[in-house]
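This report concerns only the one structure given below.
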Protein chains: 2
Amino acid sequence: MARDARRRILDTAARLFYGEGVHTVGIDRIIAEAGVAKATFYHHFKSKDALVCAYLTAHFDGQRAEFATLPGTGRAKLEAVFARIAEVCASPGFRGCAFLNAAAEFADPAHPARGVVAEYRAWFRSLMRRLLAEEGHPDPEAGSRLLLLLRDATAVSGALDPPDQARETTEAALDRLLTA
Amino acid sequence: MARDARRRILDTAARLFYGEGVHTVGIDRIIAEAGVAKATFYHHFKSKDALVCAYLTAHFDGQRAEFATLPGTGRAKLEAVFARIAEVCASPGFRGCAFLNAAAEFADPAHPARGVVAEYRAWFRSLMRRLLAEEGHPDPEAGSRLLLLLRDATAVSGALDPPDQARETTEAALDRLLTA
DNA sequence: CCCAATGTAGACAGACCTGTCTGGTAATGT
DNA sequence: ACATTACCAGACAGGTCTGTCTACATTGGG
């Protein structure tokens, strides 16, 4: 046992921060559920804010890796990406987009966590831009903004509306937004 | 002075809750900035949760009243509503949709605040349904879901993207979502 | 005029928060 | 074998949180 304390902390933080919100979950609870000493926690993370950033960054890395495995190029890949998003957003236990929730919790745009959120959004948009360009879309720049919009909307709907609504409506919207 | 303590509390709560987040603003701060005694606060609101619900409900009422003053019917009114939304979301000081932010802060769907959010969403969607029906839209039910999606997306974008992006992208998306 | 409602000021309890610190244990690398 | 590193357990400080309480002032309706 032992060399995996950091991983246990990150896993527990991901579960609790995502499931219950960053502000409502304290360090004490994380170290208790991770089975870790307080000194160990502060050995690996200099503060709670640092842990929040690490949690978001790990989430970012995971999503980047997941989308990279999806097959296809251009529009086919685009549809695969949104199918995956819609699937996740309609799955049980979905509690909204981790980045959007974090942004809502940290009102100050200068907060480090907001930086990770901004990086994520920039990455997602550039992915959309690339896929639209591959497809020969007339205006990948404007198109990517529409698709970022759709991504956000699907996440919100998945969190607040009946499970299937987000998936079906996203499909319909994707069609309309792509064929212009 | 005096008979307006409740209003001062509500105004202060709206400003602070919206601007800095519900969890980060304490009762002590609200009563201090509202210039009100603690006993007075707990005389008007039985708990902080009750104040949060009152804040959201007031916001709901305000938006309902605002949309009611917009002229036109059918598609004209629809476009007026979204123009207003986009304008608000692109204005300085916009920190996201109060309902979406509150929903993100209260992870438990059974929290009273989440009830107000659900009521708001149901109202907005029924408004969309009505306007689409007036316009002779072939499927107001599905259409209203698309427009709720767009509303959410505009709010998120207004909070996280450069000011003008939300407005322009919303306009473009509205066109595509309405003409099928 | 008097009573009830509404207001102010602020102490207090009990809980929880983050972050620091001490002290001791187990695994690792050289 | 031994030093280093990672780890566990838990006390502690200093602050903030919600909600209750006492004690007193003001105001308006009957």
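Remember, it's a predicted structure, so these values are computed and weren't measured experimentally. Just so it is clear: chains get the letters A, B, ... in the order the sequence lines come, proteins before strands, and each one is counted from 1.
- For B/K48 and D/dG19, a side-chain-to-base donor-acceptor distance below 3.5 Å is absent, hydrogens and geometry of angles not being considered.
- Summarising the geometry, the separation between CD1 on A/I9 and C1' on D/dA6 is reported as 11 Å, rounded to the nearest angstrom.
- Distance A/K46 NZ to C/dG19 P: 8 Å, rounded to the nearest Å.
- The side chain of B/Y42 approaches D/dT20 more closely than any other nucleotide in the set C/dT8, D/dT20, C/dG19.
- Taking the six-membered ring wherever Trp is involved, the centroid distance between the rings of A/F106 and A/H23 falls below 6.0 Å.
- As a whole-Å value, the separation of B/L51 CG from D/dG19 P is 10 Å.
- Checked by atom type and distance alone, the side chain of B/S144 pairs as donor or acceptor with a backbone atom of B/E141 at under 3.5 Å.
- Across the protein-nucleic acid pair, A/F41 atom CZ and C/dC21 atom P stand 16 Å apart, rounded to whole Å.
- Look at B/D4 and B/R7 and you find no salt bridge, because none of the NZ, NE, NH1 or NH2 atoms lies under 4.0 Å from a carboxylate O.
- Among the atoms of the strands shown, only primed sugar atoms or phosphate atoms (P, OP1, OP2) are found under 4.0 Å from some heavy atom of B/H44.
- For a distance-only test at 3.5 Å, the side chain of B/K38 qualifies as a donor-acceptor partner of the base of D/dG19.
- Between B/I31 atom CD1 and D/dT16 atom P there is a gap of 14 Å when expressed in whole angstrom units.
- In this structure, B/D28 places its CG atom 8 Å from C1' of D/dT16, rounding to the nearest Å.
- Atom CG in A/D4 sits roughly 12 Å away from atom P in C/dA27 (whole-Å rounding).
- Of the listed nucleotides (C/dT18, D/dA9, D/dT18), C/dT18 has the atom at the smallest distance from the side chain of A/I27.
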Pair B/Y55-B/D11, side-chain contact (heavy atoms from CB on, under 4.5 Å): steps then yes or no: CA-CA 8 Å; B/Y55 146 64; B/D11 290 347; over 6 Å; no

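- OP1 and OP2 of D/dA6 both lie 4.0 Å or more from every side-chain N or O belonging to A/T40.
- Contact annotation: A/R8 side-chain N/O to D/dC8 OP1/OP2 distance is under 4.0 Å.
- Between A/R29 and A/A39, it is A/R29 whose nearest contact on DNA chain C lies nearer the 5' terminus.
- The one candidate from B/L131, B/L78, B/V81 that meets the side chain to side chain contact (heavy atoms under 4.5 Å, CB included) condition with B/L147 is B/L78.
- We find that NE2 of B/H23 is positioned 11 Å from P of D/dT18, with the value rounded to whole Å.
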